[in-house]
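Heads up: the structure comes next, in structure tokens.
Below, read A as the first sequence line, B as the second, and so on, with proteins coming before strands; counting in each chain starts at 1.
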Amino acid sequence: MLGVGCSGRCGGASGAGPLSKEEARAIPGAVVFLSERAGQKDVWQVSPDGAETQITRGPEDDYPGPVSPDGKSLLVVAVREVDGLQFQQLRVQPLAGGDAVPLHAPRARARNAVWAPDGSWLSAESDAQGFSDVVRLEPRADVPEVRLTQVKEGCFEPSISPDGQEVAFVCSREGDPEIYVAKADGTNERRLTAFHREDRAPMWSPDGKWIVFISDRESRERLYLIRPDGSDLRAVSGESFSGDEREPVFSPDGKHLVYVSREPEARARLWRVPVEGGVPVALTDGQRRDDMPAWSPDGKYLAFVSEREGNTDVYLMRADGSGQTRLTTAKEPDWLPRWVARR
Amino acid sequence: MHVLSKTFAATAAALALSACGPQPQQETPPPEAPPAAEAPAQTAEDIAAEAHDAARRTPEELDALFAQAAREFDVPVSLLKAISYVETRFEHIQGEEEFEGRPAAFGLMALRGDKLTDGAALAGVSVAAVRDEPLANLRAGAALLSKYATEEGFDRKDLGAWATAVVKLSDITDAEAQASYIHNEVYSALREGAGAFTPRGKVAVSLEGSKVEAKFALPKLQAGLAALAPDYAPAIWRPSPNYNARPSGTNVSMIIIHTCEGGYSGCWGWLTNSAAGVSAHYVVNESGSEVSQLVRESDRAWHVGASYSCSLNGNVDCGLNGTSVNHFSVGIEHGGYASQASFPAGQIDTSAKLSCDISKGQGITRDSYHIVAHGRLQPSSRTDPGPNWPWSSYISKIKSYCGDGGSTGTIVVDSHNANNDSAKARTDVPASWASGTSAGYYGSGYYYASTQPISEPVVFNFYMPAAGTRTIDAWWVSGTNRSPSAPFIITHSGGNSTVTVNQQANGSTWNALGTYSFPAGWNKVQLSRWATEGYVVMADAIRVR
């Protein structure tokens, strides 16, 4: 992997220069993101050549969730405050325009939602019936949600397997968070991890062969890979640890992981590592905050967030770290990028 | 205590460690192993870490700016520095609103609301400059203090007389909080001195300690009353009227971590004011030397606006009313700001002890799903305690103080040393044992070996600071090729005991081997491969409890 990416001297000063307009225009997809340019938080969309359109508007704060598998809809978490009380609501927003479909009445917490691969159902964390359950809900209005877990200490952060048959999630019933997998109806639950520290935030690889999760078992936050049967546990960064690790994202072909390491002075750096094992390669120079990576649907580009030019903006680069290009320009923060697989 | 000399000495030590310039960040050792509970409150390492943290917060040399602002407005420079130290630890902060109705604070002087605009007008600069520029911020603060001095008509050479002006510059209205702010914070800093270095090791700010007493009413509360706090004995009880009852049958299940977006006295002063309409159960001060309890844990404090009230929503889903975060949580405020670059080690330590105590009393699960950031629950309008709250070490410290697999109680010895705290757990594995990862192991995989008439054991070592009686458990992955009589040899005060277990059954759970007396120091449990041939024995993990 030597010579690819950069191990200390790239980022905004990369010699490769930004992407040309022609190359940017040829990228098959668009990026939805959260923008604060209107005062409140709204979802916007930007094409790789920089054309921006507003997706949601209105007085509430709208946080972009995952894009539906068919690329036609976006899950939005709408948040509003009334007299100091906060209301959250999961909504499905058609990206072609039109009204969002609320999935439940506004309530205190509804978060960490994910789509099933066929787009017919979603899983999320819900406090509607207990402290925190993993639930199954449908992308339509007024369909009651189904509890997949019922654990007093709470279950969290669902991730649906690429075949839609299983859900990985976290439960704290042992007194500390452990990773579990159950069938998509909540039955046949099995525990994957056992350690007296925190194992959390599981996510399936696109080929279903791995689950990546965060653990502090070495007294620091670190990413680990494990097989869905609980075997072959290993640290993603091998011997090359560089600050607390977070925000892993699999490439669409499942062969690479990009993740963020947290550096001192509130700086953060993006790394790429082969899932089969190997030394991580730095994609950004670690001089400022670079985080929230998101793969383009073709696996050739990454969107990410950087503060390198003072503002918080969405950037774009090739998957090897070259061609780092500012994509949004508003003075107010633009963040939480998510790819849509269409122009 | 001499903050100045301690800070300087510790910083010098920290600098000596990094004399070769910036340290590479890759492959640094794990940053923060939880301290042994027996360790003294502040080790040299802690002090060095604190000095390093302080340097991160004060990137510039500021002495000249303080002097310029003080000279221009005829205000004692030591007073400006003491206020800045108390309010922001000499950090030019970008505050946020934490409590409804209390404007965000900005800059070295933590100016808020009207003070920001009035100070800007007096200093002849824009409000934006007072927010963004250290010198403009100091000049605005000095100009306000000077104006108050003229209004009060005291002798400007009398440092103790400035107390009334200092109170006016703050937004603290509660008389008790004012007294605490003046005597225990600002004038305490003047007496003890304070200092900060830049990350490059230059003096950023120096405040020499001097003998001075504030001309201001003394606080009524003294240390003798500290024991009266209803739930946490080390806290000072400063009851807030801003609370109500939890719904009956509520299971208190969360601890919410906040930053005050301001200093300690102003924080509890605000939260005990009935007009504020907000509260928290606890407030921890910046150094960790003091905790206030404001609301009983059994009552519902008003610290998170993330709450469902069906009366505000057409009376739909009233069954969800029980999910208000305030219903089922305990809130801890911390003097400081979400934007700050680091948190003092003493504050984190004190807060971790408090969180341990709350979690024990309320039966709260000690993990990062139950001990959470205010900003996580209220993302639309809050970010506290900010990106630099040290979550991993904070949760570890809580677990350590509570004895979860930590120094005081249970010790887990994993077969993989990367997972062990080398101060109290270590595994020695002979080279002939192979590593395996069949599903269901503890920690990171296990080691196995075929049964043969040689001992060649895996040795699980654990450290006991004092002699005591402990129960030993073992964990393995079961399977049909496992030995039905795997021999664990436990060395205890009375000699060796061998316990054979059937590793074909009871896999992926803790299995008790027995209870024994152990001497102080390193002890060992061995798993031998000397058993009936034709199987494998599996060394995965042991637990000492």
Side-chain angles (χ1 to χ4, degrees), chain A residues 40-41 60-61 63 79-88 105-109 127-128 131-132 152-154 156 170 172 175-177 190-192 194-198 200 216-221 224 227 229-235 239-244 261-266 286, chain B residues 25-28 30-34 56 100 251 253-254 277 304-309 312-313 316-317 319-320 323-325 328 341 365-370 377-381 387-388 391-393 395-396 399 404-405 410 412 414 418-419 421 437-445 475 508:
Chain A
Q40 81 277 2
K41 299 175 177 72
E60 296 141 318
D61 285 334
Y63 290 74
V79 179
R80 80 189 140 117
E81 250 179 58
V82 180
D83 295 341
L85 298 180
Q86 197 202 45
F87 299 80
Q88 299 185 354
R107 62 174 182 238
R109 285 192 299 144
D127 61 354
F131 164 62
S132 182
K152 185 171 73 70
E153 295 82 7
F156 316 88
V170 178
S172 287
D176 67 288
R190 62 181 189 272
R191 191 177 68 191
L192 257 51
F195 201 73
H196 61 282
R197 286 182 179 265
E198 303 209 338
R200 55 192 183 83
D216 70 345
R217 58 184 60 202
E218 295 173 17
S219 300
R220 54 196 188 182
E221 303 258 298
Y224 292 83
R227 298 283 186 191
D229 68 356
S231 66
D232 292 353
L233 178 90
R234 63 181 162 86
E239 303 295 307
S240 312
F241 179 81
S242 167
D244 282 351
S261 71
R262 183 174 165 184
E263 316 276 332
E265 321 283 335
Chain B
Q25 292 307 323
Q26 293 184 39
E27 291 156 46
T28 48
E32 46 234 349
R56 287 171 57 187
E100 196 92 17
N251 173 31
S253 57
M254 289 180 102
V304 177
S307 167
Y308 187 74
S309 170
L312 293 170
N313 192 35
V316 298
D317 287 324
L320 298 183
T323 62
S324 155
V325 172
F328 56 75
T365 306
R366 288 184 280 275
D367 68 18
S368 54
Y369 295 101
H370 296 78
L377 298 179
Q378 206 169 353
S380 63
S381 54
N388 298 316
W391 282 107
S392 193
S393 65
I395 301 278
S396 292
K399 296 184 105 164
D404 300 353
T410 305
V412 173
D414 191 45
N419 298 334
D421 180 345
T437 58
S438 295
Y441 50 77
Y442 190 89
S444 313
W475 181 292
S508 302

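There is no contact between Arg234(A) and chain B, counting heavy-atom distances below 4.5 Å. Heavy atoms closer than 4.5 Å to chain A are found nowhere in Trp391(B), neither backbone nor side chain. Interface remark: Arg190(A) contributes no atoms to any contact with chain B (heavy atom separation under 4.5 Å). Within the 4.5 angstrom heavy-atom criterion, atoms from both the backbone and the side chain of Ser444(B) approach chain A.
In this structure a side-chain-to-backbone donor-acceptor pair under 3.5 Å is present from Glu198(A) to Ser368(B).
Comment: Asp232(A) engages Arg227(A) in a salt bridge, judged by a side-chain N to carboxylate O separation of less than 4.0 angstrom.
Judged by distance alone, the side chains of Tyr63(A) and Gln88(A) never bring a donor and an acceptor atom under 3.5 Å apart.
Judged as a ring pair (Phe, Tyr, Trp, His ring centres under 6.0 Å), and not counting sequence neighbours, Tyr441(B) has no contacts.
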